[in-house]
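Just below is one structure, and these are the notes that go with it.
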Amino acid sequence: MANNFKVGMISLGCPKNQVDGEMMLDKLNKNGFQIVQNIEDADVMVINTCGFIESAKTEAIETILEVAEYKNAGLISAIVVTGCLAERYQDEILQEMPEVDAVIGIGADADIVKTCQKALVGVKTSNYPDKCYLPLDDERMVSTPSHWAYLKISDGCDNRCSYCAIPSIRGKYRERSMESILSEARQLAEMGVKELILIAQDTTKYGIIEYGEYKLASLLKELCKIDGIEWIRLFYCYPDKVTDELIDVIAEEEKVCSYIDIPLQHCNADILKAMNRSGDYNSLKSLLNKMKSKIPDLSLRTTFMVGFPGESEEQFEELCKFVKDIEFDKMGCFTFSPEEDTSAFDFDCQIDENIKQKRFEVLMDIQYSITEKANKGRIGHVYKVIIDEKDGDNYIGRSYLDSPEIDCSIVFKSDTELAVGSFVNVKITDYNGYDLVGERV
């Protein structure tokens, strides 16, 4: 049905959720909705929520309430809530927030057009079909800058980490065929995308359903053959599925960035076992050292959780020692959040919030010192840099060391005008906190 309605979207949470939002935007655009950026310009606002941990839920609820103020003021007509919070709490959202017109689970993303149309004529909707109906390989309206894009290769998760609600929210692990992924990558390259960031709930598991074996390494080799793509970056890799073949491909393929995001969560054997994860200090150190030795100048990103139930001071100190020992290039940290529908929610020996926060601060201080040392060591080095934006007289870009939106930047000046999305060589002259400062050479 053709219409002149305007729709806006706020997409919260992870890049995987962002890709889901891009698929919904494409459907809305192709069915006559005009996509707008500002809330006050919209007739209907779609809020694509995250519901992973308490802070994400809080952000989602605050966003819904903020948009509701626009509706109460008569500036917009309807509010549609989708994404992980909608999947997790379903009709509770409609009951608690009467301003919301529709709440749909992730399995109803493909019905976003009908949902918005109903909302605009005052029909309340709640719809939660099976999660398997979430589209994996639909057309997208890419919302990232034109020179880089996320490429989702699978969804859902079967790992069942004891603290994580993702399996109950996103459903069982599912994956795309290699040809489907390569076809989308070729389309992105034709659109001018130069950097692909591979994402999934568990990227390293790719291939196990379609081909009966891990095929991420093979997928990377095929992606490298696509003209126009210059950088390929890996996110959400599980340590127990990082194969020697994958390490070799990262080391040998020029287009695959010497960069890997490998969330470890902890290094203590007992804590990892309680998390329903594998590994210990020595096995994880051995894997990371092997990767460092085989992949020249590897940029390692990880995430740790502090304050998991029962985490003793000694176990936390072991984690601190591990971080100092490995010297990660990038490290995120979050405090344990007890989530309903996870086994860790009911674990004994829950940690006091003040202790969690103190451990968070200690670990991040350790990482800052590591980053400062690394940044000092990069002064004088020349890096190939992709330009992300221009800010006044400064250009802001990244080397292979950094992923967009989540990592650091390189700030530099140029005597000549440069295009966003182009590559230049930059010599590092200084650093400012986490960011590097340089000059074009």
Is a donor from one side chain sitting under 3.5 angstrom from an acceptor on the other, for Ser286 and Asn289?
no
I'd like to know if Lys152 and Asp20 make a salt bridge, using a cut-off of under 4.0 Å between side-chain N and carboxylate O.
yes
Less than 4.0 angstrom from a charged side-chain N to a carboxylate O is my criterion; do Glu405 and Arg398 meet it?
no
When you check the gap from the basic side-chain N to the acidic O, do Asp280 and Lys273 get nearer than 4.0 Å?
no
Salt bridge present between Glu318 and Lys321 (N-O < 4.0 angstrom):
no
Taking the inter-plane angle between the rings of Tyr383 and His381 on a 0 to 90° scale, is it parallel (under 30°), tilted (30 to 60°) or perpendicular (over 60°)?
parallel
Does the pair Arg233/Glu195 count as a salt bridge with the N-to-O cut at 4.0 Å?
yes
Is the ring centre of Tyr368 less than 6.0 Å from the ring centre of Tyr434?
yes
If we ignore hydrogens and angles and just use 3.5 Å, is the side chain of Glu175 paired with the main-chain N or O of Glu210 as donor and acceptor?
yes
Spacing of CE belonging to Met275 relative to CG belonging to Asp270, to within rounding of 0.5 Å
12.0 Å
Please verify the inter-ring angle class for Tyr259 with Phe235; under 30° counts as parallel, over 60° as perpendicular, anything in between as tilted.
parallel
Taking Asp244 first and then Lys290, would you say they form a salt bridge - that is, a charged N and a carboxylate O separated by under 4.0 Å?
yes
If you measure from the Lys or Arg side-chain nitrogens to the Asp or Glu carboxylate oxygens, is any gap between Glu87 and Arg170 under 4.0 Å?
no
I'd like to know if the side chain of Ser143 pairs up with that of Gln18 as donor and acceptor (distance under 3.5 Å, no hydrogens or angles considered).
yes
State whether Lys30 and Asp26 are salt-bridged, where the test is any N-O pair (Lys NZ or Arg NE/NH1/NH2 against Asp/Glu carboxylate O) under 4.0 Å.
yes
Modelled atom types, side-chain donor and acceptor of Tyr89 and Glu340, under 3.5 Å:
yes
Please determine, by modelled atom types, if Asp297 and Ser258 share a side-chain donor-acceptor pair under 3.5 angstrom.
no
Sub-3.5 Å donor-acceptor pair from the side chain of Asp43 to the main-chain atoms of Lys6, do we have one?
yes
Using a 3.5 Å distance criterion without hydrogens, assess whether the side chain of Thr63 forms a donor-acceptor pair with backbone atoms of Glu59.
yes
About how many Å separate CG of Leu298 and CD1 of Ile250, when rounded to the nearest 0.5 Å?
7.0 Å
Which class fits the ring pair Phe322 and Phe328: parallel under 30°, tilted 30 to 60°, perpendicular over 60°?
tilted
Salt bridge or not between Arg359 and Glu311? Use side-chain N to carboxylate O under 4.0 Å.
yes
Would you compute the distance between atom CD of Glu54 and atom OG1 of Thr335 and round it to the nearest 0.5 angstrom?
10.5 Å
Salt bridge check, Lys373 against Glu327: does any charged N sit closer than 4.0 Å to a carboxylate O?
yes
Would you call Lys57 and Glu339 a salt bridge, using N to O less than 4.0 angstrom?
yes
Before accepting this row, confirm whether a basic side-chain N of the pair Arg301/Asp329 lies closer than 4.0 Å to the acidic partner's carboxylate O.
no
Backbone N/O of Trp148 and side chain of Thr144: donor-acceptor pair under 3.5 Å:
yes
ring-ring contact (aromatic ring centres under 6.0 Å, His included) assessment of Phe360 paired with Phe316
CA-CA 10 Å; Phe360 167 85; Phe316 174 66; over 10 Å; no
Would you call Glu230-Lys384 a salt bridge at under 4.0 Å N-O?
yes
Test your reading of the model: is there a side-chain donor-acceptor pair from Tyr211 to the backbone of Tyr206, 3.5 Å cut-off?
no
Donor-acceptor pair, Ser162 side chain versus Ala274 backbone, under 3.5 Å?
yes
Has Lys205 got its NZ or CZ under 6.0 Å from the middle of the six-membered ring of Tyr173, at an angle within 45 degrees of the ring axis?
yes
Does any N or O in the side chain of Asp402 come within less than 3.5 Å of the main-chain N or O of Cys408, such that one atom is a donor and the other an acceptor?
yes
Under the 3.5 angstrom rule, does the side chain of Thr243 hit a backbone N or O of Leu246 as a donor-acceptor pair?
yes
